[in-house]
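A short write-up of the structure that comes next.
The chain is numbered in sequence order, starting from 1.
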Amino acid sequence: MDLLTKITEVRSGLDVHRAEGRTVGLVPTMGYLHAGHASLMTAAVGDNDITIASIFVNPLQFGEGEDLDSYPRDLDRDLEICRAEGIDMVFAPSVEEMYPRPVDTVVTVPTVSAPLEGVARPYHFSGVATVVAKLFSIVGPCRAYFGAKDWQQLAVIRRMAVDLSMPVEVVDCPIVREPDGLALSSRNFYLTADERAQAPVIRRALDLGIELVVDGETNPKVIESAMATKVATAPLGELDYAAAVPAETLVADSVLAGEVRLLLAVRFGKARLIDNDGAFIREV
Ligand code: AMP
């Protein structure tokens with residue numbers, strides 16, 4: 001496995017494989033890898049001849065007062081995980097390599113970015129879209145792998161790839177969870193023992209919401225308030241949002257129909273955790 005830090009090294013390293021007609025898969029990450037990231041790598045290695053994982057904590061997607069400086073990092077451990085997954089190349093650039101001068105060109109996907117995460121973090125998705133567009137341009141992957149845990153991010157990236165005719169298949173991978181239902185996240189690292197013990201309330205709130213959707217509840221307010229009430233049973237959790245929205249647009253609707261996505265953001269101490277799940281409204 002090669003560890004590359006320069007854009008030119010990635011291009012020349014992959015050109016050799018492309019000349020031989022090999023397919024290339026990309027797994028973008030911010031590192032501090034866990035089994036959720038590993039599942040994306042397993043899928044990518046299975047689908048492609050050559051797989052490259054990127055590890056880059058992207059300053060563009062963090063706002064002021066957020067955890068850019070304290071974001072957990074452990075490159076040696078990450079490389080072990082990549083090696084064990086059969087990754088061929090790891091691209092771990094410095095901030096200077098990715099952004100040698102202040103960025104003037106940004107990618108924005110305003111409609112998909114606006115609700116939910118976009119309300120709390122208005123700059124976030126343009127930072128994500130810009131770095132992913134840059135990674136697509138550096139790597140030129142046939143396929144790129146993203147987790148359904150970051151559902152709105154996935155929607156933003158899909159929309160960007162379609163709108164800009166990017167020649168890449170965006171592949172989504174299921175959420176990997178702890179046995180008690182907590183979605184794996186690098187930010188779980190911030191949880192104290194007490195917060196960790198209460199955090200699975202997020203999964204329980206989603207389960208409750210799913211139950212309502214499956215039973216045919218079409219009023220998003222009823223579902224959202226049931227999920228919020230469930231989260232409130234965890235004294236250390238502070239709800240940011242609980243949303244029941246159409247899965248495709250993510251834009252709030254007064255009556256739900258068809259496929260619904262339930263999304264939660266809950267703060268536990270220093271960690272802001274997001275999670276989601278989906279179901280279809282039962283036809284009656
Ligand atoms: P991050 O390093 O947090 O930027 O995540 C990199 C990729 O891993 C994103 O596409 C995430 O959606 C995905 N990911 C993070 N956690 C999970 C998880 N628990 N299950 C599946 N994918 C995940």
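Contact record, A244 with L262: CB-CD2, 3.5 Å, taken as the closest heavy-atom pair. Taking all atoms of both residues into account, the shortest heavy-atom contact from A92 to L3 is CB-CD1, 4.0 Å. Contact record, A38 with I81: CB-CG2, 4.5 Å, taken as the closest heavy-atom pair. H37 and G31 make their closest contact through CE1-O, 3.8 Å (heavy atoms, listed as atom of the first residue, atom of the second, distance). The two atoms that bring A265 and E117 nearest to each other are CB-OE2, 3.9 Å, heavy atoms only. Across all non-hydrogen atoms, the minimal contact from S54 to P28 is OG-CA, 3.1 Å.
Applying the salt bridge (charged side-chain N to carboxylate O under 4.0 Å, His left out) test to D172 and every residue at least two apart in sequence or in another chain returns R158. Shown here are the side-chain hydrogen bond (donor to acceptor under 3.5 Å, both in side chains) partners of Q152, two or more places apart in sequence or in another chain: there are none. Remark: R187 pairs with D67 by the salt bridge (charged side-chain N to carboxylate O under 4.0 Å, His left out) rule, at least two apart or across chains. Contacts of K149 classified as side-chain contact (heavy atoms from CB on, under 4.5 Å), with partners at least two apart in sequence or in another chain: I175, A183, S185, I274. Residues satisfying the salt bridge (charged side-chain N to carboxylate O under 4.0 Å, His left out) criterion with D180, sequence neighbours excluded, are R196.
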What verdict does the side chain to side chain donor-acceptor pair (under 3.5 Å) test give for Y99 and N58, after you've listed the backbone C-alpha separation in whole Å, the side-chain angles of each residue and the deciding distance to 0.1 Å? CA-CA 10 Å; Y99 304 120; N58 173 35; 2.6 Å; yes
Show the numbers, then the answer: is there a salt bridge (charged side-chain N to carboxylate O under 4.0 Å, His left out) between R11 and D15? CA-CA 6 Å; R11 291 212 170 110; D15 278 350; over 6 Å; no
What verdict does the side chain to side chain contact (heavy atoms under 4.5 Å, CB included) test give for S186 and M30, after you've listed the backbone C-alpha separation in whole Å, the side-chain angles of each residue and the deciding distance to 0.1 Å? CA-CA 9 Å; S186 307; M30 295 205 300; over 6 Å; no
Tell me, with the steps shown, if V156 and R159 meet side chain to side chain contact (heavy atoms under 4.5 Å, CB included). CA-CA 5 Å; V156 166; R159 185 62 191 264; 5.9 Å; no
Test log, rule side chain to side chain contact (heavy atoms under 4.5 Å, CB included), inputs L208 and T229: CA-CA 10 Å; L208 184 61; T229 305; over 6 Å; no
Applying salt bridge (charged side-chain N to carboxylate O under 4.0 Å, His left out), run through E80 and R77 and close with a yes or a no. CA-CA 5 Å; E80 281 313 309; R77 192 172 146 272; over 6 Å; no
Side chain to side chain contact (heavy atoms under 4.5 Å, CB included) between T108 and S113, worked out: CA-CA 8 Å; T108 56; S113 301; over 6 Å; no
Checking D207 against K230 for the salt bridge (charged side-chain N to carboxylate O under 4.0 Å, His left out) test, could you report, in this order, the C-alpha distance in whole Å, the side-chain angles of both residues, the deciding distance, and whether it holds? CA-CA 10 Å; D207 285 342; K230 179 58 85 179; over 6 Å; no
So D78 and R73, salt bridge (charged side-chain N to carboxylate O under 4.0 Å, His left out) or not? Walk me through it. CA-CA 9 Å; D78 289 349; R73 294 159 214 245; over 6 Å; no
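Between the E259 side chain and the A247 main chain, no donor and acceptor come within less than 3.5 Å of each other. Judged purely by atom type and a 3.5 angstrom limit, D2 has no side-chain atom pairing as donor or acceptor with the backbone of L4.
Residues V170 and F146 meet the side-chain proximity criterion, which asks for heavy atoms closer than 4.5 Å. Two residues are said to be in side-chain contact when any heavy atoms from C-beta on lie closer than 4.5 Å; T249 and T111 fail this criterion. Side-chain contact check for F91 versus I7: some heavy-atom pair is nearer than 4.5 Å. At a threshold of 4.5 Å between non-hydrogen side-chain atoms, the residues M160 and V112 do not count as touching. With contacts defined as side-chain heavy-atom distances shorter than 4.5 Å, the pair M41/T51 does not qualify. Within the 4.5 Å cutoff, the side chain of F189 has no heavy atoms near those of the D74 side chain. Side-chain contact check for L256 versus P246: some heavy-atom pair is nearer than 4.5 Å.
Remark: R18 CZ is packed, more than 12 non-hydrogen atoms of other residues, nucleotides or ligands lying under 6.0 Å away. Annotation: E97, atom CD; neighbour count of heavy atoms from other residues, nucleotides and ligands within 6.0 Å is above 12.
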Got a list of side-chain donor-acceptor pairs under 3.5 Å for residues 130-140, not counting sequence neighbours?
unit_1, atom_1, unit_2, atom_2, d
T130, OG1, V107, N, 2.9
T130, OG1, S126, O, 2.6
K134, NZ, M98, O, 2.8

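In the model, T23 has a side-chain atom that pairs as donor or acceptor with a side-chain atom of D49 under 3.5 Å. No side-chain N or O of E224 forms a donor-acceptor pair with one of Y241 less than 3.5 Å apart.
Put simply, L26 and I55 are part of two different groups of oily side chains (I, L, V, M, F, W, Y) that touch within less than 4.5 Å, one to the next. Put simply, I210 and V222 are part of two different groups of oily side chains (I, L, V, M, F, W, Y) that touch within less than 4.5 Å, one to the next. The hydrophobic cluster containing I52 does not contain I87, counting ILVMFWY residues as joined when their side-chain heavy atoms lie under 4.5 angstrom apart, directly or transitively. Following chains of ILVMFWY side-chain contacts shorter than 4.5 Å, one cannot reach M89 starting from L40, and the two form parts of different hydrophobic clusters. Cluster membership check: V245 does not share its hydrophobic cluster with V260, using side-chain heavy-atom separations under 4.5 Å among Ile, Leu, Val, Met, Phe, Trp and Tyr.
Between L182 atom CG and Q198 atom CD the span is 12.5 Å, to the nearest 0.5 Å. Within the model, atoms CG of L212 and OG1 of T218 stand 11.0 Å from one another, a figure rounded to the nearest 0.5 Å. Taking CD of E217 as the start and CD1 of I223 as the end, the distance is 5.5 Å to the nearest 0.5 Å.
Considering T29, D47, T42 as possible partners of Y145, the one that fulfils the side chain to side chain donor-acceptor pair (under 3.5 Å) test is D47. Across R272, H124, R121, a single residue satisfies side chain to side chain donor-acceptor pair (under 3.5 Å) together with E66, and that is R121.
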